[in-house]
2 protein chains.
Amino acid sequence: MPVSSHIPTPTVERLAAYLGCLREMRDEGRQTVSSQELAQRAGSNSAQVRKDLSHLGQIGTPGVGYQVSALHDRLARALGLAEGHKVLLVGVGSLGRALSLYRGFRQEGFTIAALFDNDPQKIGKRVGGLEVRPLAELQSVNRDLRASIGVIAVPAEQAQSVAEALVAAGVKGILNFAPVRLRLPEHISVRAVDLTRELAVLSYNLTGAGR
Amino acid sequence: MPVSSHIPTPTVERLAAYLGCLREMRDEGRQTVSSQELAQRAGSNSAQVRKDLSHLGQIGTPGVGYQVSALHDRLARALGLAEGHKVLLVGVGSLGRALSLYRGFRQEGFTIAALFDNDPQKIGKRVGGLEVRPLAELQSVNRDLRASIGVIAVPAEQAQSVAEALVAAGVKGILNFAPVRLRLPEHISVRAVDLTRELAVLSYNLTGAGR
DNA sequence: GTATGTGAATTTCTTCACAGCA
DNA sequence: TGCTGTGAAGAAATTCACATAC
């Protein structure tokens with residue numbers, strides 16, 4: 001019913017999963033899919049799928065299901081993935097290099113537009129077709145690029161200052177791989193990928209206390 | 001009150017964050033900390049911190065706070081991090097290499113015990129002091145090692161079969177970096193790090209619909 | 001008959017607010 | 001006075017179950 005107002009984050013996360021499944025199915029030539037089958041592929045349940053999709057308005061056909069291709073496009077649009085986003089990647093260590101080679105970025109409509117590092121050894125080198133630039137140029141480079149997303153792949157100690165530099169350069173969303181909590185203005189959206197957290201959860205589950 | 005029964009996953013995730021903050025504070029020589037200050041560092045709130053810590057039993061001192069070092073150790077024990085875990089890393093592409101160099105593993109008590117790949121070009125090479133072994137040896141190698149955690153850093157197409165091989169080798173927890181949903185027995189604990197999901201959430205938040 | 005969309009019920013998670021202890 | 005631990009209240013997310021549409 002709330003056709004396009006706020007969608008809760010857990011739902012958005014699942015919508016991203018559905019999008020991936022739908023791409024696969026479309027590439028397999030599937031025409032329609034039921035909430036049940038989509039749920040199975042994405043590791044959810046049919047009621048959840050229908051609830052999630054209801055945030056986009058009425059879009060399925062009772063007795064039939066959803067049009068795979070149409071639903072895919074509708075989802076991509078709702079998630080803001082349709083137009084594509086430019087990304088600034090800061091930190092060209094081993095993780096940064098791995099990220100710059102990751103094809104998932106392109107597949108989802110993200111383009112890495114520039115690489116930054118402050119190691120003189122790395123500046124000027126080319127990684128994945130892009131020249132590594134000094135961190136000091138972040139702001140000036142992005143005056144032209146107008147990238148909206150920054151990815152932080154630097155050591156923990158530098159993460160906060162890099163984050164602030166990204167915000168100063170006009171970035172509105174940040175994906176942070178450094179294991180620190182960033183303190184940033186409210187209006188900046190931050191997602192943290194923290195191996196420490198993931199490993200701790202696995203470890204806890206192995207103790208047997210988690211059922 | 002539930003001194004050591006099941007701790008919900010959102011709580012476990014935050015406990016991991018507190019643990020990191022406590023390590024910092026201990027290294028800074030801090031003796032005690034209040035729920036308020038811990039909350040501030042970890043990006044939570046004081047009531048949440050107290051509720052979370054209450055899962056470990058009574059452990060603080062009213063009017064004073066918590067003993068930094070004691071709480072750190074108590075947390076590490078509760079999360080099962082105290083004894084350390086051996087980890088099998090499968091996939092020595094750029095991401096796998098980055099992971100094998102990541103010092104966060106060691107810091108949390110995880111030891112990468114073996115590397116696997118099925119690319120003949122990579123087998124036999126040394127990465128971070130470990131020889132890359134063929135995937136086929138997974139089971140036999142782990143008969144001795146008895147590692148309980150597997151990390152999957154292979155392309156999406158191979159992730160499911162690698163996951164099954166890891167389970168067959170006796171692994172009980174899996175950290176999956178491939179953008180696919182793994183179908184595994186109930187008793188195996190899986191955490192997925194999915195860039196696609198993270199980017200989609202950022203993208204959605206940039207649309208302005210998310211407040 | 002089959003599968004959607006959605007209010008209602010349920011479960012889970014978070015925040016409040018305060019009694020009790022140092 | 002200062003801060004913990006925790007029941008109670010509140011908010012959020014998930015699941016149920018069914019009216020409705022094909």
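- For A:Pro62, counting side-chain heavy atoms from C-beta on, the closest listed nucleotide (D:dG2, C:dA3, C:dT14) is C:dA3.
- Inspection of the B:Gln40 and B:Gln36 side chains reveals no N or O donor paired with an N or O acceptor under 3.5 Å.
- Taking atom CD of A:Gln36 as the reference point, atom C1' of C:dG5 lies 16 Å away to the nearest angstrom.
- With distances taken from any side-chain atom of B:Asn45 to the nucleotides C:dT4, C:dT15, D:dT14, the minimum falls on C:dT15.
- Whole-Å rounding puts the A:Gln31 CD to C:dA3 P distance at 17 Å.
- Closest contact between the side chain of A:Arg50 and the listed nucleotides C:dG7, D:dA17, D:dT4 involves D:dA17.
- Between the CD atom of B:Gln67 and the P atom of D:dC3 there is a distance of 14 Å, given to the nearest Å.
- Among C:dT14, C:dG5, D:dT4, the nucleotide with an atom closest to any side-chain atom of A:Gln58 is C:dG5.
- The closest side-chain heavy-atom distance from A:Ile112 to A:Phe105 is below 4.5 Å.
- Picking from C:dG5, D:dC16, D:dA8 the nucleotide with the shortest atom distance to the side chain of A:Ile59 gives C:dG5.
- Rounded to an integer number of Å, the gap from CD1 of A:Ile7 to P of D:dT14 is 14 Å.
- Nearest to the side-chain atoms of A:Pro8 among the listed nucleotides D:dC3, D:dC22, D:dA13 stands D:dA13.
- Using a 4.0 Å cut-off, some side-chain N or O of A:Gln48 falls inside it from OP1 or OP2 of D:dT15.
- Listed nucleotides D:dC3, C:dT4, C:dG7 differ in distance to A:Lys51; the shortest reach to its side chain belongs to C:dG7.
- Look at CD on A:Glu37: it is 16 Å from P on C:dT2, rounded to the nearest Å.
- Closest-nucleotide positions on DNA chain D for A:Val64 and A:Ser44 were compared, and the one nearer the 5' end corresponds to A:Ser44.
- Closest to the B:Arg14 side chain, of the nucleotides C:dT14, C:dA8, C:dC21, is C:dT14.
- With C:dT15, D:dT4, D:dT15 as the candidates, the nucleotide lying closest to the side chain of B:Tyr66 is D:dT4.
- Listed for the B:Ser203 side chain is a donor-acceptor partner under 3.5 Å among the backbone atoms of A:Gly80.
- When the P atom of C:dT4 is taken as reference, atom NE2 of A:His55 falls 16 Å away, rounded to whole Å.
- Of the charged side-chain nitrogens involved, none lies within less than 4.0 Å of a carboxylate oxygen, so that A:Arg181 and B:Glu24 do not count as a salt-bridged pair.
- Per the geometry, CG belonging to A:Leu53 stands 14 Å off P belonging to D:dT14, to the nearest Å.
- Taking 4.0 angstrom as the limit, B:Ser35 places a side-chain polar atom (N or O) nearer than this to OP1 or OP2 of D:dT4.
- Although no hydrogens or angles enter the test, the distance criterion places no donor-acceptor pair under 3.5 Å between the side chain of A:Arg26 and the main chain of A:His72.
- Atom CG in A:Leu56 sits roughly 10 Å away from atom P in C:dG5 (whole-Å rounding).
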